[in-house]
Amino acid sequence: MVEPKGRVALCAGRQLHWRERVGEEPAVVMMNGCGLAMEFWRDLIGLLPSVRVLSYDRPGMGGTAWPGHLPSLDEEVASLADLLDQRGIAGVVLVAHSMAAFHAEALARLRPELVSGLVLVDGSVEWYPTRPDLPAPTLARRLGRVVESLSLNRLAGMAFRFGSYLQTNHEWSRLGHGRLPSIYRDADSLAMGLAESMAYDRQGWDLLQLRARAPWPGLPTVVLSAADAEDGKWVAQQRRLAHLLSARHVVVPDSKHLMMLDRPDVIAAAIHAVRPE
């Protein structure tokens with residue numbers, strides 16, 4: 001297992017790896033996309049020099065053991081809420097990338113007192129007509145074990161870097177700096193990433209059900225959409241989400257899905273726009 005670089009806390013029964021930088025309130029919470037580590041937020045955090053920032057990795061990523069089951073939306077919300085409660089943080093701005101948009105919206109609906117605003121960074125948008133099936137988690141565990149037993153860690157790390165490279169306008173070398181190579185050679189991190197992908201549809205479905213029973217609290221929200229998305233329908237889906245949340249919708253030029261690498265300046269501006277002074 002890769003060594004944690006931050007602190008590890010038990011939050012609602014699950015281990016979260018987290019780091020916090022002191023600064024001015026309200027705090028900003030960085031929420032990683034599917035299978036991503038908190039290191040992806042480095043450039044953005046550098047653009048918020050005076051702000052209190054909390055970033056965290058979900059179980060299995062960055063220095064904790066993967067729990068061995070597919071994560072649920074309820075678990076993700078409960079773990080983050082517990083971490084905020086433990087740190088005595090409330091009224092935060094949630095900055096959620098990709099799949100974490102499910103978690104951010106759900107937390108805002110269930111615990112609105114913890115949230116003062118949201119920035120959804122090319123957040124996931126799904127509208128399912130029927131309940132998706134939930135795969136068995138054994139495949140994720142087997143992948144991690146195969147990678148370990150065959151010493152394929154370096155190859156797995158390279159595969160992740162290539163997949164990330166296709167989602168950013170940055171150069172290849174940028175994805176090989178710091179802890180990222182070691183994180184994505186780790187069996188738990190790989191199993192966690194696959195498990196989150198397998199749980200994606202069910203979490204999206206569960207959010208749809210939550211919307212029916214937990215009203216939107218009307219928090220200031222900005223929806224940022226990558227202009228360079230390969231799917232021509234993506235921006236339209238994001239616009240529909242913005243309408244649902246009464247949010248401001250911004251299409252971000254010169255950005256692919258990993259917007260925190262391509263346009264951290266736009267994300268920083270959106271944070272300031274929704275963050276109460």
Side-chain angles (χ1 to χ4, degrees), residues 26-51 53-55 92-105 107-108 115-127 160-175 177 180 196 200 204 207 216 219-277:
V28 174
V29 177
M30 305 297 180
M31 304 175 65
N32 310 327
C34 180
L36 297 186
M38 68 172 91
E39 275 72 18
F40 279 87
W41 297 108
R42 183 182 60 183
D43 291 349
L44 176 59
I45 292 174
L47 297 179
L48 305 169
S50 62
V51 177
V53 176
L54 177 71
S55 52
V92 303
V93 173
L94 301 177
V95 182
H97 174 250
S98 192
M99 182 180 182
F102 294 161
H103 314 153
E105 182 184 337
L107 178 65
V115 185
S116 63
L118 293 87
V119 177
L120 304 184
V121 182
D122 216 37
S124 296
V125 184
E126 302 293 347
W127 315 96
F160 169 79
R161 284 178 60 192
F162 182 72
S164 299
Y165 172 72
L166 297 177
Q167 298 183 73
T168 176
N169 290 323
H170 270 284
E171 63 275 10
W172 168 265
S173 60
R174 180 71 181 280
L175 298 169
H177 290 170
L180 287 178
E196 289 203 333
Y200 176 93
L207 178 60
W216 177 243
L219 297 169
T221 302
V222 176
V223 174
L224 302 177
S225 305
D228 295 349
E230 295 181 2
D231 183 357
K233 299 179 180 178
W234 183 244
V235 172
Q237 292 174 326
Q238 298 262 306
R239 186 180 300 115
R240 182 180 177 185
L241 175 64
H243 179 74
L244 175 70
L245 303 180
S246 300
R248 183 161 65 93
H249 182 218
V250 179
V251 179
V252 182
D254 303 318
S255 178
K256 292 185 179 179
H257 187 53
L258 293 178
M259 194 181 298
M260 68 283 282
L261 299 183
D262 290 345
R263 296 300 308 270
D265 56 318
V266 175
I267 304 174
I271 292 170
H272 288 302
V274 303
R275 185 171 176 265
E277 297 296 338

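If you take CD1 on I45 and CD1 on I267, they are separated by 11.0 Å, rounding to the nearest 0.5 Å. Within the model, atoms CG of L48 and CH2 of W41 stand 10.5 Å from one another, a figure rounded to the nearest 0.5 Å. Within the model, atoms NE2 of H97 and CG of L120 stand 11.0 Å from one another, a figure rounded to the nearest 0.5 Å. The line from CG of L118 to CD1 of I271 is 11.5 Å long, rounded to the nearest 0.5 Å. With rounding to the nearest 0.5 angstrom, the CD atom of Q238 is 3.5 Å from the OG atom of S225. In this structure, the separation between CG on L44 and CE on M260 is 8.5 Å, given to the nearest 0.5 Å.
The two residues A37 and N32 make their nearest non-hydrogen contact at C-ND2, 3.6 Å. When all heavy atoms of C34 and M99 are compared, the pair lying nearest together is CB-SD, 3.8 Å. For the residue pair F40 and L258, the shortest heavy atom distance occurs at CE2-CD1, 4.1 Å. Between P49 and G46, the shortest heavy-atom distance links the atoms CD-O, 4.0 Å. Closest approach of P26 to R275, counting heavy atoms only: O-NE, 2.9 Å. Of all the heavy atoms in D122 and A226, the pair that sits closest is OD1-N, 2.9 Å.
Side chain of D228 to backbone of S255: a donor-acceptor contact under 3.5 angstrom is found. Listed for the R263 side chain is a donor-acceptor partner under 3.5 Å among the backbone atoms of P253. With hydrogens and angles ignored, the 3.5 Å screen pairs a side-chain donor or acceptor of S116 with a backbone N or O of V92.
Side-chain contact between D262 and V252: absent, with no pair of heavy atoms (C-beta onward) separated by less than 4.5 Å. Between R240 and V125, the closest side-chain pair of non-hydrogen atoms is not below 4.5 Å.
Note on ring orientation: taking the six-membered ring where Trp is involved, the planes of W234 and H257 are perpendicular (angle over 60°, cut-offs 30° and 60°).
Among the candidates V223, V222, V274, T221, the single residue satisfying the side-chain contact (heavy atoms from CB on, under 4.5 Å) test with R248 is V222.
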